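Okay, structure first, notes after.
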Amino acid sequence: MNNNPQYEVIWQIVAAIPQGKVATYGQVAELAGLPRGARMVGRCLSQLPRDSKLPWFRVVNASGRISLPEGSEGYVKQLGCLQEEGVAVVNGKIRLSVFRWQL
DNA sequence: ACCGTGACGATAG
DNA sequence: GCTATCGCCACGG
C-alpha cells in the first residue's frame, strides 16, 4: 500500500490545520520538511480512503482554489465541509490572506 | 531505464 | 484575471 514514509509526516501536518482555516499543498509540504513536495502532498491526499478522519478538505492550492474537477464528488464534499466551518468560498475562490493557517 | 501522469507552483505575457 | 511554459517529484506501465 503506502510504503512512502513521507506520508506519515504529511498526515500529521494536515491533522494540525485548525478548523475554519486552510493550508496550501506547498505550505503543508514545507511544514512537513519537503520543500518541493507540493505534488507529493496532493498524491498523498488522493490516496486517502473515502472515510478518512483526516481534514484533507482544509488543503487547497496556492491560488486559493479547490484542486479537484469542479462538479466532481470530492469537489462538492470539500466545498461543503469548508463552508460548514465558516470558510468563505467566493466564486470558487478562498481569500488566503484571511483564511490561511498561520503558525 | 524511459516515459506519461497528476488533488502543485512560480513566472511571463 | 487568464493561458502557456517549465520545474518539480513519486508512481505505474
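Here the structure is a predicted model, which is why all the values come from computation and not from measurement. Lettering of chains follows the sequences in order, A, B, ..., and the numbering in each one begins at 1.
At distances below 3.5 Å, at least one donor-acceptor pair connects side-chain atoms of A:Gln78 with backbone N or O atoms of A:Val59. Proximity of a side-chain donor or acceptor of A:Arg58 to a complementary backbone N or O of A:Val14 within less than 3.5 Å is not detected. In this structure, A:Gln27 contributes its side chain and A:Trp101 its backbone to a donor-acceptor pair below 3.5 Å. Checked by atom type and distance alone, the side chain of A:Lys93 never pairs as donor or acceptor with a backbone atom of A:Ile66 at under 3.5 Å.
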Nucleotide-resolved protein contact map, nucleotides 1-13 of chain B, B/S/- at heavy-atom distance under 4.0 Å:
-----BBBSS---
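Extent of DNA chain C lying under 4.0 Å from chain A heavy atoms, first and last nucleotide in 5' to 3' order, is C:dG1 to C:dC11.
Of all heavy-atom pairs spanning A:Ala23 and A:Val28, the tightest one is CB-CG2, 4.0 Å. Of all heavy-atom pairs spanning A:Ile10 and A:Cys44, the tightest one is CG2-SG, 3.8 Å.
For the side chain to side chain donor-acceptor pair (under 3.5 Å) condition, the pairs that include at least one residue of residues 39-57 of chain A, sequence neighbours left out, are A:Arg50-A:Glu73.
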